[in-house]
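Note: hydrogens, waters and symmetry copies are ignored here, and every other heavy atom, side chains too, is used.
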Amino acid sequence: MDAGAPAAVLFDNDGLTLDTEVCWTRAEEALFARRGRTFTIDDKRALLGTAAGQAMRTLERLLDEPGAGPDLLAELHVLVWDELDRVDAMPGAVALLDALRADGRQVGLASNSPRPLVDRALAAAGVTDRFDHVLSADDVEHPKPAPDLYLALAAALGVAPERCLVLEDSPTGVAAARAAGAFVVGVPSLEGVVLEADLVVASLADPVLHARAGLRP
């Protein structure tokens with residue numbers, strides 16, 4: 001392992017490690033359709049990466065149902081659960097995970113989704129055992145964009161946050177990782193989303209990302 005390489009690489013889940021955003025989108029489309037609404041790309045951008053509290057407020061606003069946030073989110077989670085029976089890894093994800101582990105790097109995952117959805121998606125994709133530690137929004141008081149998830153994950157791995165490289169695909173996640181003091185690599189999963197990360201790459205297979213992670217070609 002390169003002495004200047006990060007001691008740990010921390011992954012977001014939805015849209016970064018796993019191609020679950022398509023599952024969320026189908027569920028969101030169904031939720032809106034039940035109310036005679038069309039789910040748009042702007043709606044998707046508004047919901048991308050949000051934790052429960054913000055998601056409830058956003059759904060209330062988008063669907064003109066003030067106060068119905070908890071019920072809307074619960075309904076959405078049921079719809080998502082049904083979509084997660086088959087999930088694929090994002091391009092380059094498995095190869096990157098395997099390369100990091102082979103190089104002796106600690107690898108963790110921090111998701112803003114509830115624990116049951118995270119576990120179901122990781123199992124469906126067959127990548128659960130590739131992570132040294134997994135945290136969900138249920139494991140901290142304040143999920144992303146607060147830094148708590150990444151601070152807790154770094155602590156669980158026994159690594160200082162500033163020695164971590166974080167991979168994120170949403171502004172919410174980037175804000176959380178930067179607040180935790182980590183080096184942040186943005187990997188956009190949705191067109192039109194701007195990531196104010198330390199480095200932005202096209203995919204997890206990008207050689208620039210592998211070099212920044214200390215992996216040899």
Participant: Considering only heavy atoms from C-beta outward, does the side chain of L153 approach that of F131 to under 4.5 Å?
Facilitator: no
Participant: Going by salt bridge (charged side-chain N to carboxylate O under 4.0 Å, His left out), name the pairs with one or both residues in residues 9-20, residues two or more places apart or in two chains.
Facilitator: D12-K144
Participant: What residues, two or more places apart in sequence or in another chain, satisfy salt bridge (charged side-chain N to carboxylate O under 4.0 Å, His left out) together with R57?
Facilitator: none
Participant: Checking side chain to side chain contact (heavy atoms under 4.5 Å, CB included) between V9 and each of L100, L97, D103, L96, which is the one that passes?
Facilitator: L100
Participant: Anything under 3.5 Å between a donor and an acceptor, one on a side chain of residues 62-74, the other on a protein residue two or more places apart or in another chain? List them.
Facilitator:
from, atom 1, to, atom 2, distance (Å)
D64, OD2, R37, NH2, 2.8
E65, OE2, R35, NE, 2.9

Participant: Would you say V166 ends up clustered with V201 if hydrophobic residues are merged whenever their side chains have heavy atoms under 4.5 Å apart, either directly or through other cluster members?
Facilitator: no
Participant: Working to the nearest 0.5 angstrom, can you tell me the gap between L117 CG and C23 SG?
Facilitator: 10.5 Å
Participant: Measuring from L167:CG to N13:CG, what's the distance to the nearest 0.5 Å?
Facilitator: 12.0 Å
Participant: Determine the minimum heavy-atom distance between L151 and P161, stating which atoms define it.
Facilitator: CD2-CG, 3.7 Å
Participant: Can I get a per-line list of side-chain donor-acceptor pairs under 3.5 Å for residues 185-199, giving both atom names and the distance, sequence neighbours left out?
Facilitator:
from, atom 1, to, atom 2, distance (Å)
S189, OG, D169, OD2, 2.5
D198, OD2, V184, N, 2.8

Participant: Within the side chain of S170, is there an N or O that forms a donor-acceptor pair under 3.5 Å with the backbone of G173?
Facilitator: yes
Participant: Show me the pairs that pass salt bridge (charged side-chain N to carboxylate O under 4.0 Å, His left out) and involve residues 112-124, at least two apart or across chains.
Facilitator: R115-D119, R115-D139
Participant: In the single-linkage hydrophobic clustering (I, L, V, M, F, W, Y; side-chain heavy atoms under 4.5 Å), do F183 and V174 co-cluster?
Facilitator: no
Participant: In the single-linkage hydrophobic clustering (I, L, V, M, F, W, Y; side-chain heavy atoms under 4.5 Å), do F11 and V87 co-cluster?
Facilitator: yes
Participant: Got a sec, which residues hit side-chain hydrogen bond (donor to acceptor under 3.5 Å, both in side chains) with T128, two or more places apart in sequence or on another chain?
Facilitator: none
Participant: At their closest point, which heavy atom of P91 faces which heavy atom of L204, and how far apart are they?
Facilitator: O-CB, 3.6 Å
Participant: Could you check L79 against R34 for side chain to side chain contact (heavy atoms under 4.5 Å, CB included), going step by step and ending with a plain yes or no?
Facilitator: CA-CA 12 Å; L79 291 166; R34 287 178 176 183; 3.4 Å; yes
Participant: Please report the shortest heavy-atom distance between P6 and A213, naming the atom on each side.
Facilitator: CD-O, 3.7 Å
Participant: Using a 4.5 Å cut-off on heavy atoms from C-beta on, say whether the side chain of E21 contacts that of K44.
Facilitator: yes
Participant: With side chain to side chain contact (heavy atoms under 4.5 Å, CB included) as the criterion, how do F32 and T38 come out once you've worked through the C-alpha distance, each side chain's angles and the decisive distance to 0.1 Å?
Facilitator: CA-CA 6 Å; F32 277 56; T38 299; over 6 Å; no
Participant: Between D42 and R45, is there a salt bridge with N-O shorter than 4.0 Å?
Facilitator: yes
Participant: Contact between L109 and V118 at the side-chain level, heavy atoms closer than 4.5 Å - yes or no?
Facilitator: yes
Participant: Determine whether V140 and V159 fall in the same hydrophobic cluster, where Ile, Leu, Val, Met, Phe, Trp and Tyr are linked whenever their side-chain heavy atoms lie under 4.5 Å apart.
Facilitator: yes
Participant: Does the pair L47 and E28 meet the rule for a side chain to side chain contact (heavy atoms under 4.5 Å, CB included), with working shown?
Facilitator: CA-CA 10 Å; L47 287 165; E28 288 155 347; 4.0 Å; yes
Participant: Which pair of heavy atoms, one from A180 and one from Y150, lies closest together, and at what distance?
Facilitator: CB-CB, 3.9 Å
Participant: Give the minimum heavy-atom separation between L209 and S203, together with the two atoms involved.
Facilitator: CD2-O, 4.1 Å
Participant: Would you mind reporting whether R26 and V22 have side-chain heavy atoms less than 4.5 Å apart?
Facilitator: yes
Participant: Rounded to the nearest 0.5 Å, what separates atom CG in D88 from atom CE in M90?
Facilitator: 10.5 Å
Participant: What distance separates D82 CG from H77 NE2, expressed to the nearest 0.5 Å?
Facilitator: 13.0 Å
Participant: Could you measure the distance from the CG atom of L76 to the CE atom of M56? Nearest 0.5 Å is fine.
Facilitator: 11.5 Å
Participant: If every non-hydrogen atom of P143 is compared with every non-hydrogen atom of A51, which pair is closest and at what distance?
Facilitator: CG-CB, 3.4 Å
Participant: Would you say the side-chain atoms of R101 pair up with the backbone N or O of R130, donor to acceptor, closer than 3.5 Å?
Facilitator: yes
Participant: Hey, could you give me the SG/CD distance between C164 and Q106, rounded to the nearest 0.5 Å?
Facilitator: 9.0 Å
Participant: Do L215 and L16 sit in one hydrophobic cluster, given that two such residues count as connected whenever their side-chain heavy atoms are within less than 4.5 Å of each other, even indirectly?
Facilitator: yes
